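Comments concern the structure below.
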Amino acid sequence: MLSPNKTTGPSQNRVPEVTLDFWLIKLMAVTMGETAADYLAVNLGLGLAVTSLIMTGVLIVALVLQFAQKRYIPWAYWLAVVLISVVGTLITDNLVDSFGVRLQTTTIAFSVALAATFAVWYASERTLSIHTISTTRREIFYWLAILLTFSLGTAAGDLVAESFDMGYLTSGLVFGGLIALIALAYYLIHLDAILAFWLAYILTRPLGASFGDLLSQPAEQGGLGFGTTFTSLIFLGCIAALVLYMTLKKTADDADEILLEQD
């Protein structure tokens, strides 16, 4: 699901092209965000408040590294995505578990905040295309939107799976079905590419969270009982392998681009 108005070359854009491996690693990152947040807060006994402070600090460092690159570097970009997935999950968990805010309220609030971010972004830049993230201001809008999609996805996923009592598997299938409908609308009736991308991006968060909980939660809570440690490590390994592949592929593509410019 790509924007048709590419105006920034691959060497200048600060975020990756939207390909199959993009969606694979993004889905793994959001799944790991769910299980890693639970592992740190519950299994290690750090609690939500301490875990949130630590992971927010680590995320800030990762974003500083990402902004310093001024172009797309796979390890820096995906490190920021994984960490922002964890922090986005923790924001929602803190609101619900620590402050007693209802999931319905958090879902609506994050939806409004995300819509407002897109509105200000568009008013400022006249585009929401991820192919033109070539300035610091656009990158700030981009990462703010990403953070809100993770918090919104966590709230919506928990709302469907727990408050609506649909269970992790059923809710995962529901969100997967919605993504499939968006893809069909994009290919069959030419749904706007930018709109299709952001809708799919939002929905991959509750999809990943649902399957993350399905794998990690105990059987009495509707899961398969693999635990947060095992689930997090499996997805971390897959993410690392994909990032290595992306790095090698980008290095080869950049070398080809240099050769073409020299010719």
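Since the structure is predicted, the reported quantities are computational estimates derived from the model, not experimental observations. When a residue number appears, it is its place in the shown sequence, counting from 1.
Side-chain contact between Val15 and His131 is absent, with no heavy atoms from C-beta onward closer than 4.5 Å. Contact check for Met166 versus Val160: side-chain heavy atoms found under the 4.5 Å cut-off. Within the 4.5 Å cutoff, side-chain heavy atoms of Phe175 are placed close to those of Pro206. Between Leu233 and Thr229 the shortest side-chain heavy-atom distance falls below 4.5 Å. Residues Thr106 and Val96 are in side-chain contact: their nearest non-hydrogen atoms beyond the backbone lie under 4.5 Å apart. Side-chain contact between Leu215 and Thr35: absent, with no pair of heavy atoms (C-beta onward) separated by less than 4.5 Å. Between Ile91 and Thr154, the closest side-chain pair of non-hydrogen atoms is not below 4.5 Å. Proximity of Gln12 to Arg71: side-chain heavy atoms (C-beta onward) are nowhere separated by under 4.5 Å.
The hydrophobic cluster containing Leu95 does not contain Ile108, counting ILVMFWY residues as joined when their side-chain heavy atoms lie under 4.5 angstrom apart, directly or transitively. A continuous path of ILVMFWY side-chain contacts below 4.5 Å connects Phe211 to Phe164, so both sit in one hydrophobic cluster. When hydrophobic clusters are built by joining Ile, Leu, Val, Met, Phe, Trp and Tyr residues whose side-chain heavy atoms come closer than 4.5 Å, directly or via intermediates, Phe235 is grouped together with Tyr245. Cluster annotation: Ile140 and Tyr142 are assigned to the same hydrophobic cluster (Ile/Leu/Val/Met/Phe/Trp/Tyr, side-chain heavy-atom contacts under 4.5 Å, transitive).
Counting all heavy atoms, side chain and backbone alike, Gln69 lies closest to Ala76 at CG-CB, 4.0 Å. Considering every non-hydrogen atom in both Val82 and Ala29, the closest pair reads CG2-CB, 4.0 Å. Taking both residues in full, the closest heavy atoms of Leu48 and Asp93 are given as CD1-O, 3.7 Å, listed atom of the first, atom of the second, then distance. Of all heavy-atom pairs spanning Ser232 and Ala36, the tightest one is OG-N, 3.4 Å. Shown here for Gly167 and Ser171, the closest heavy-atom pair between the two residues is O-OG, 2.9 Å. For the residue pair Thr31 and Leu27, the shortest heavy atom distance occurs at OG1-O, 2.8 Å.
Residue Met32 holds its CE atom at 4.5 Å from CG of Leu236, rounded to the nearest 0.5 Å. Atom CG of Leu24 is separated from atom OG1 of Thr204 by 11.5 Å, given to the nearest 0.5 angstrom. Rounded to the nearest 0.5 Å, atoms CG (Leu195) and CD1 (Ile182) are 8.0 Å apart. Thr107 contributes atom OG1, which lies 4.5 Å from atom CG of Leu159 (distance to the nearest 0.5 angstrom). Residue Arg138 holds its CZ atom at 8.0 Å from OG of Ser124, rounded to the nearest 0.5 Å. The CD1 atom of Ile146 sits 11.5 Å away from atom OG of Ser151, with the distance rounded to the nearest 0.5 Å.
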CA sep, side-chain torsions, deciding dist, call: Val86, Met55, side-chain contact (heavy atoms from CB on, under 4.5 Å): CA-CA 7 Å; Val86 175; Met55 296 310 298; 4.0 Å; yes

Criterion side-chain contact (heavy atoms from CB on, under 4.5 Å) on Thr51 and Leu90, from CA distance to verdict: CA-CA 8 Å; Thr51 301; Leu90 289 168; 3.7 Å; yes

Residue pair Asp213, Asp38: steps toward the side-chain contact (heavy atoms from CB on, under 4.5 Å) verdict: CA-CA 10 Å; Asp213 284 335; Asp38 290 343; 3.9 Å; yes

Worked check of side-chain contact (heavy atoms from CB on, under 4.5 Å) between Phe150 and Thr89: CA-CA 6 Å; Phe150 284 131; Thr89 299; 5.8 Å; no

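Under the ring-ring contact (aromatic ring centres under 6.0 Å, His included) criterion, the residue pairs touching residues 76-113 are Phe22-Trp78, Tyr72-Tyr77, Tyr77-Trp143, with sequence neighbours excluded.
Under the 3.5 Å distance criterion, the side-chain polar atoms of Thr132 are matched with a main-chain donor or acceptor of Ser129. Of the possible polar contacts, one joining the Thr247 side chain to the Val243 backbone as a donor-acceptor pair under 3.5 Å is found. For the pair Lys250 (side chain) and Ile73 (backbone), a donor-acceptor distance under 3.5 Å is absent.
Ala145 pairs by the side chain to side chain contact (heavy atoms under 4.5 Å, CB included) definition with Leu114, Thr117, Phe118, Trp121, Trp198, not counting sequence neighbours.
Inspection of the Arg14 and Ser134 side chains reveals no N or O donor paired with an N or O acceptor under 3.5 Å.
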